**Q** 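Shown below is the structure under consideration.
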Protein chains: 2
Amino acid sequence: MGTAQLAAVPEPKYWHLRTVLLRAITSEFATGEVIPNERELAARFGVARATLRQALDQLELEGRLVRRRGIGTLVAAPRVGVPVSRRDEGWPGGNREQVWQTVGCTVAPAGERLAGALGVPAGETVHSVRRIRVAQGQIVATEALHVADSALPALPEIRLSGAGEEAAEGAADGEEQGRAVLRRLERLTVDGESRAVELGVAEADEAALLQRPPGTPVLVVTTQYAAAGRLAALAVSTYRADTCRLTFGETGLVEVTPVPAAVRSAS
Amino acid sequence: MGTAQLAAVPEPKYWHLRTVLLRAITSEFATGEVIPNERELAARFGVARATLRQALDQLELEGRLVRRRGIGTLVAAPRVGVPVSRRDEGWPGGNREQVWQTVGCTVAPAGERLAGALGVPAGETVHSVRRIRVAQGQIVATEALHVADSALPALPEIRLSGAGEEAAEGAADGEEQGRAVLRRLERLTVDGESRAVELGVAEADEAALLQRPPGTPVLVVTTQYAAAGRLAALAVSTYRADTCRLTFGETGLVEVTPVPAAVRSAS
DNA sequence: TAGTGGTCTAGACCACGAA
DNA sequence: TCGTGGTCTAGACCACTAT
C-alpha cells in the first residue's frame with residue numbers, strides 16, 4: 001500500500017543505524033565525548049527509541065560506547081591490552097607490581113563440580129582466593145583462585161591460621177588469609193599451565209566487583225596450574241569484555257607493534 | 001496504588017526471569033530440546049514478550065540457548081573446546097587434518113591500518129587468504145590471513161601466477177590462489193607468535209560465513225607471526241562466541257581434565 | 001528539579017520453516 | 001497455511017546524576 005520504498009531493505013533498521021552511528025562517532029566525536037541523548041537520536045533518525053537503543057546496544061557490546069545512567073552515552077576509549085600469562089599475572093613469582101589485589105578468601109569443602117575440576121574427592125577442603133585486577137586505574141577483572149588444601153605446601157615457620165589478635169585494624173579478615181594462601185602457593189614450582197577463554201556474563205557478585213550491572217559481558221579465562229605432576233590450582237578470571245583486550249605473550253618474538261584492533265574491517 | 005508487592009525487588013524482572021529459566025533448562029530439558037515458545041513463556045510468567053525476550057537474549061549470549069527462526073528456541077549444547085595455537089591451527093607445518101579450509105584469496109594494495117599492522121609501507125601488495133574452520137561438523141570460525149607480498153618466499157619451481165588453464169572444473173579461483181600463498185608461507189620458519197583475544201560482533205560478510213545473523217558476538221583472535229626477525233603474517237580469526245571455548249595449550253602439562261565450564265558458579 | 005539511561009508494556013507486522 | 005522467532009512502535013514509569 002503506497003510508500004514505495006527504495007526497493008527492499010534486506011538489512012534491519014537497527015543494524016543500519018549501528019553502521020551510521022559507528023561512522024559518526026569515529027569521525028565526529030572524540031573519546032569520552034557525550035553523544036546526543038537517546039530520545040533526540042531516535043527523533044533525528046525517525047525511529048522508536050527502542051530501535052535506536054538496539055543499535056546502541058550493539059555498539060556498546062563492541063566496546064565503542066559506554067552508557068552511564070543519569071549522565072549520557074559516551075564514546076568509549078580503545079580497549080586496554082591486558083597481558084594474560086603466568087609471567088604477567090604475577091603468580092607464582094610474587095604479585096609483581098600490583099596487577100592483582102587480594103580482596104578476600106573463603107575456605108570450604110569442595111562442591112562436586114569444583115572438586116572434579118581440581119581432581120580431588122568431593123568434600124575436600126578448598127581455599128578460594130578472591131582477587132581483583134587493576135589496569136590503568138580501572139578494575140578490569142575479578143578472579144577466584146581455587147586450591148585444594150592438600151595441594152598447598154606448608155609455610156616454614158610462621159603460624160598458618162592465627163585467628164586475628166590484631167584484627168582491630170578493621171582490615172577485612174579474608175584478605176590476610178588470602179595472602180597467606182598465595183605465599184604458600186608460591187613455594188610450588190609450576191610445571192605448566194593450560195588456559196581457556198570464553199564469553200560469559202557477570203553474575204551479581206562479579207558484576208558488583210567490576211562495578212557493572214549484572215549481565216555485563218565478560219571474557220572468562222580458566223587457567224589450570226600444574227605442579228609436582230598434579231593439578232595445583234584452578235583460576236577463574238572474568239575480564240570486562242567491553243574494556244579489555246587479552247594479550248598472550250609468547251616465545252621470544254621480535255618486538256611488534258600491537259595491532260590497532262581495527263584491522264578487521266581492513267580486508 | 002494498591003498491589004502491595006513483597007517489598008522492593010532490586011533485581012530487574014528480566015534478570016530474575018533469566019535465573020529462573022536457566023535453572024529450568026538445566027534441570028528439566030535436554031540438549032537440543034525445544035523449550036516453549038516466547039508468547040507462551042511470556043504469558044506463563046505474566047510479563048510482556050519483550051521482557052521475556054530480554055531474558056532469552058542473556059541466555060543466548062551465554063551460549064545456553066539457540067534460537068532458530070521458524071523453529072523455536074533450543075537448549076544449546078555445551079561449548080566446543082577449540083585449540084588455538086600454532087601447532088593446532090596447522091600453520092605452518094601444513095594444514096594438519098582439516099582444521100582450516102581455504103575458501104578464497106584476494107590480492108590488493110594495503111590500506112593504511114593494515115599496512116601499519118603488517119609493518120610495511122601503505123600501498124604495498126598484500127595477500128589476504130580467507131579460511132574457515134570446521135569443528136565437529138560446524139563452521140566455528142572464519143579467518144583473514146594477511147601476508148605482505150615482500151614477506152612471502154618464492155616457491156622453488158612451480159609457476160606462481162598461472163592464470164587458469166584448468167579452471168573448467170568450476171572451482172573458485174581464489175581457493176587455489178590461497179593455497180598457493182599458504183604453500184609459500186610454509187617455507188618460513190616461525191620464530192614466535194603473539195596473540196590477542198577480544199569480543200566483537202560479526203559484520204555482514206563474516207556473519208554469512210558463520211551462518212549467523214549480523215551482530216552475532218564473536219571472539220576475535222589476532223595473531224602475529226614473526227619469521228626471520230620480522231613480522232611475517234597477521235591472522236584475524238573470528239570464532240563464534242556462542243559455541244566456542246578457545247583453549248590454549250602450553251608447555252608439557254600433565255594431562256588435566258578439561259574444566260567443565262560451569263565451575264564459575266561453584267565458589 | 002530536570003535530564004539521562006534502564007525497564008516494561010501491549011500491541012503490530014514481517015521472514016522463515018514445516019506440514 | 002500456520003507457528004515460530006525477528007523487528008518495530010509509541011508510550012509509560014523508574015533510578016540515577018547533576019544543578
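The analysis underlying the following values was restricted to heavy atoms, covering all of them including side chains, and did not include hydrogens, waters or symmetry mates. Fair warning: this is a prediction, and the values are worked out from it, not measured in the lab. Letters A, B, ... mirror the listed sequences (proteins, then strands); counts begin at 1.
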**Q** Between atom CG in B/Leu56 and atom C1' in D/dT4, what is the gap in whole Å?
**A**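 Taking CG of B/Leu56 and C1' of D/dT4, I get 13 Å after rounding.
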**Q** Quick check on the helix from C/dT1-D/dA18 to C/dA18-D/dT1: what's the angle between its two end axes, five base pairs per end, to the nearest 10°?
**A**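 Result, rounded to 10 degrees: 10°.
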**Q** Taking salt bridge (Lys or Arg N to Asp or Glu O under 4.0 Å) as the test, write out the residues that go with B/Arg18, two or more places apart.
**A** A/Glu203, B/Glu62
**Q** If you assign A/Arg67 and A/Gly70 each to the DNA chain C nucleotide with the nearest heavy atom, which residue ends up on the more 5' nucleotide?
**A**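 Taking each residue's closest nucleotide, the earlier one in sequence belongs to A/Gly70.
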**Q** Quick one: list whatever passes side-chain contact (heavy atoms from CB on, under 4.5 Å) with B/Pro36, sequence neighbours left out.
**A**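 B/Phe29, B/Glu40, B/Leu41, B/Arg44.
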**Q** When the distance from CD of B/Glu40 to P of D/dG3 is rounded to whole Å, what number comes out?
**A** 13 Å
**Q** Please enumerate all residues that pass side-chain contact (heavy atoms from CB on, under 4.5 Å) together with B/Arg69, with sequence neighbours excluded.
**A** none
**Q** Out of A/Arg131, A/Arg240, A/Arg130, A/Glu206, which residue meets the side chain to side chain donor-acceptor pair (under 3.5 Å) rule with A/Thr142?
**A** A/Arg130
**Q** A/Val107: which residues meet the side-chain contact (heavy atoms from CB on, under 4.5 Å) condition with it, sequence neighbours left out?
**A** A/Thr125, A/His127, A/Gln177
**Q** Quick one: sort the B/Tyr239 and B/Trp100 rings into parallel, tilted or perpendicular, breaks at 30° and 60°.
**A**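 Judged by the thresholds at 30° and 60°, the geometry between B/Tyr239 and B/Trp100 is perpendicular.
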**Q** Check salt bridge (Lys or Arg N to Asp or Glu O under 4.0 Å) between A/Glu112 and all other residues, then give those that pass, not counting sequence neighbours.
**A**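 A/Glu112 satisfies salt bridge (Lys or Arg N to Asp or Glu O under 4.0 Å) with no other residue.
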**Q** Using a distance-only criterion (donor-acceptor N/O pair, under 3.5 Å, no hydrogens), is the base of D/dG6 paired with the side chain of B/Arg68?
**A** no
**Q** Rounded to the nearest Å, what distance is computed from the CG atom of residue A/Leu59 to the C1' atom of nucleotide C/dG5?
**A** 16 Å
**Q** Under the rule for side-chain contact (heavy atoms from CB on, under 4.5 Å), what residues qualify as partners of B/Pro78, not counting sequence neighbours?
**A** B/Thr31
**Q** Nearest whole Å is fine: how far is C/dA15 C1' from B/Ile71 CD1?
**A** 13 Å
**Q** Could you check which residues of residues 18-37 of chain B get a heavy atom under 4.0 Å from DNA chain D? Sort them by number, please.
**A** B/Asn37
**Q** Could you state the atom-to-atom distance from CD of A/Glu38 to P of C/dG3 in whole Å?
**A** 16 Å
**Q** Which pairs with one or both residues in residues 208-221 of chain B pass salt bridge (charged side-chain N to carboxylate O under 4.0 Å, His left out), sequence neighbours excluded?
**A**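 Salt bridge (charged side-chain N to carboxylate O under 4.0 Å, His left out) check on residues 208-221 of chain B returns B/Arg212-B/Asp242.
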**Q** Return the set of residues passing salt bridge (Lys or Arg N to Asp or Glu O under 4.0 Å) with A/Arg23 (not counting sequence neighbours), or none when no residue passes.
**A**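 A/Arg23: no salt bridge (Lys or Arg N to Asp or Glu O under 4.0 Å) contacts found.
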**Q** Can you name the residues that form a salt bridge (Lys or Arg N to Asp or Glu O under 4.0 Å) with A/Arg67, not counting sequence neighbours?
**A** A/Glu38, A/Asp57, A/Glu60
**Q** Would you list the protein and nucleotides 7-11 of chain D atom pairs, both N or O, that sit under 3.5 Å from each other?
**A**
| unit_1 | atom_1 | unit_2 | atom_2 | d |
| --- | --- | --- | --- | --- |
| D/dT7 | OP1 | A/Tyr14 | OH | 3.2 |
| D/dC8 | OP1 | A/Lys13 | N | 2.3 |
| D/dC8 | OP2 | A/Tyr14 | N | 3.2 |
| D/dT9 | OP1 | A/Lys13 | NZ | 3.0 |
| D/dT9 | OP2 | A/Ala48 | N | 2.8 |
| D/dT9 | OP2 | A/Thr51 | OG1 | 2.5 |

